[in-house]
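One structure is given here, and the rest of the page talks about it.
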Amino acid sequence: YVYGALRSGGASGVGSVYRFSYSNGSLGSVATIHSFASAANGLNTPVGGPVVDGDGNLWMSLESGGSGFGGISKVVPPAAAVGTATVSPVFTSSATYGKPTGQPSALKSDGMLLFTAGATSSRGSLLRVQTTGVAQELWRFSAAPATSLYDPVGTPVELADGSWIGSTKSGGSAGRG
């Protein structure tokens, strides 16, 4: 299957997860496997597409719901061609970290996801989250000094040596990230 997500739409208008069947190099039928709800505690509004782990589970950043700052959810697709996915919130963000600004990185061999978040009280963070929901802030971006990079966007990528690379939309010598 090929998976994707929509920021809006679905039964409640706050996003959905879909999959295409794939056979002999061609995409087949499309099916919605989950529609996010706008319930007070439910995470919704996907940021980017899902990341698939080795077991076929999907990991997604969601920018709304929970405590108002989104978080990360695990989506277990249905085994049958037609069916509904099981969705479990794994990490609910807070004002400290802010809303996710991109999809999580691929699930690493140590069971961690990297993602960026932006808060109104800071200029963004790089977070590492275990699949059990335990989060660790690896880096907090700052606008000082004036040439610093801040306001991260997109998905961070971990390099073979354990360092990471990502993008920002603000700061730097020209002020444009």
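The first residue in the sequence is number 1, and the count goes up from there.
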Non-hydrogen side-chain atoms of L138 and L114 separated by less than 4.5 Å
yes
Under a 3.5 Å threshold, yes or no: a donor from one side chain and an acceptor from the other, between T101 and T116?
yes
All heavy atoms of L127 vs all of A117, minimum pair found to be CD1-CB, 4.2 Å
Under the side-chain hydrogen bond (donor to acceptor under 3.5 Å, both in side chains) test, which residues partner S61, sequence neighbours left out?
none
Using side-chain hydrogen bond (donor to acceptor under 3.5 Å, both in side chains) as the criterion, list what pairs up with N24, not counting sequence neighbours.
none
To the nearest 0.5 Å, what is the distance between CZ (R19) and NE2 (H34)?
14.0 Å
So how far is it from S21 OG to Y1 OH, rounded to the nearest 0.5 Å?
7.0 Å
Got F36 and L43 here, is their nearest side-chain heavy-atom distance under 4.5 Å?
no
Keeping the roles fixed (side chain from S35, backbone from G10), state whether a donor-acceptor pair exists under 3.5 Å.
no
Taking all heavy atoms of S16 and all of T32, pick out the closest pair and write down the distance.
CB-CG2, 4.1 Å
Find out whether F115 and T155 are in side-chain contact, i.e. whether some heavy atom of one side chain is under 4.5 Å from a heavy atom of the other.
no
Quick one: CG on L62 to NZ on K99, what's the gap to the nearest 0.5 Å?
11.5 Å
Step by step, work out the salt bridge (Lys or Arg N to Asp or Glu O under 4.0 Å) result for R123 and D151.
CA-CA 5 Å; R123 296 309 236 158; D151 295 336; 3.4 Å; yes
Between the CZ atom in R128 and the CZ atom in F91, the distance rounded to the nearest 0.5 Å is 13.0 Å
Do the side chains of I33 and Y18 get nearer than 4.5 Å, heavy atoms only?
no
Could you pull out all residues at least two apart from L27 that satisfy side-chain contact (heavy atoms from CB on, under 4.5 Å)?
V2, F20, Y22
Would you mind writing out the side-chain donor-acceptor pairs for residues 72-88 within the sub-3.5 Å range, not counting sequence neighbours?
none

Return each pair, listed once, that meets salt bridge (charged side-chain N to carboxylate O under 4.0 Å, His left out) where at least one residue sits in residues 55-68; pairs must be two or more places apart or across chains.
R7-E63
Is it the case that more than 12 heavy atoms not belonging to L159 sit under 6.0 Å from its CG atom?
yes
Tell me every residue that passes side-chain hydrogen bond (donor to acceptor under 3.5 Å, both in side chains) with S93, counting only those two or more places apart in sequence or in another chain.
none
Distance check, rounded to the nearest 0.5 Å: S125 atom OG versus F141 atom CZ?
8.0 Å
Not counting sequence neighbours, which residues clear side-chain hydrogen bond (donor to acceptor under 3.5 Å, both in side chains) with S64? List them please.
none
Quick one: side-chain contact (heavy atoms from CB on, under 4.5 Å) partners of S12, sequence neighbours excluded?
V14, A37, S38
Any side-chain heavy-atom pair of M60 and V17 under 4.5 Å
yes
Going by the rule side-chain contact (heavy atoms from CB on, under 4.5 Å), which residues pair with S26 if we only count those two or more places apart in sequence or in a different chain?
none
